[in-house]
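The structure appears right after this line, and notes come after that.
In each ligand, atom 1 is the first atom listed, and ligand 1 is the first ligand listed.
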Amino acid sequence: MTRVLVLNGPNLGRLGTREPDIYGSETLEDLRTQLEQDAPDGVTVDLRQTDDEGTLIGWLHEAVDTSMPVILNPAAFTHYSYALRDAVSIVTEAGLPLIEVHLSNPHAREEFRHTSVVTGVATGVIAGLGFDSYRLALSAVLRRAPAGS
Ligand code: DQA
């Protein structure tokens, strides 16, 4: 059984009503349903969201301690959280895949969104494809997950 952690940072709990022109009108629960449908037999999707940086970092530590591959939308933390970057680095240094995802294409938006302090220590990044960013990340992460994770 492989468990994939799908972690979502601040304000992503408001998907569906938050700037639908940018993020779409589907909710995080809709995303959970889609990923569960995509997940092959033997794969569990563990989707979580928090507005709290410390909680997100704790979940990344949990990924290391239990060898879980990670899909991470760090939301606004992407652009400035060195603490989150360091936690991501612990995950990838442990040999676990971590794909950074974004619903929108931050490079096509305001200048402060053009910087990601996470990308440099992530396994890869997929952005601008809405829920497809996560769906593509799921297949990528599974192809890279260590056996038995
Ligand atoms: C986001 C992009 C970030 O710039 C923003 O702060 C978010 C969502 C995205 O998924 O497009 O909250 O990560």
### Query
In chain order, what residues pass the ring-ring contact (aromatic ring centres under 6.0 Å, His included) check against His79, with sequence neighbours excluded?
Phe112
### Point-to-point distance, once rounded to the nearest 0.5 Å, from CG of Leu28 to CZ of Arg14
12.0 Å
### Message
Measuring from atom CG of Leu60 to atom CG of Leu84, what distance do you get when rounded to the nearest 0.5 angstrom?
### Response
6.0 Å
### Task
Would you please test Ile99 and Val125 for side chain to side chain contact (heavy atoms under 4.5 Å, CB included) and show each step?
CA-CA 6 Å; Ile99 313 285; Val125 54; 5.9 Å; no
### Reported OG1-to-CG distance for the pair Thr44 and Leu5, which is rounded to 0.5 angstrom
11.0 Å
### Query
Roughly how far, to the nearest 0.5 Å, is the CZ atom of Phe131 from the CG atom of Leu35?
8.5 Å
Write 'none' if nothing qualifies; otherwise put on separate lines each N/O atom of ligand 1 with a protein N/O atom under 3.5 Å away and their distance to 0.1 Å.
from, atom 1, to, atom 2, distance (Å)
ligand 1, 4 (O), His79, NE2, 2.7
ligand 1, 4 (O), Arg113, NH1, 2.9
ligand 1, 6 (O), Ala76, N, 3.2
ligand 1, 6 (O), Arg113, NH1, 3.1
ligand 1, 10 (O), Asn73, ND2, 2.8
ligand 1, 10 (O), Leu103, N, 2.8
ligand 1, 11 (O), Leu103, N, 3.3
ligand 1, 11 (O), Ser104, N, 2.8
ligand 1, 11 (O), Ser104, OG, 2.6
ligand 1, 12 (O), Arg18, NH1, 3.1
ligand 1, 12 (O), Arg18, NH2, 3.0
ligand 1, 13 (O), Asn73, OD1, 2.8
ligand 1, 13 (O), His102, ND1, 2.8

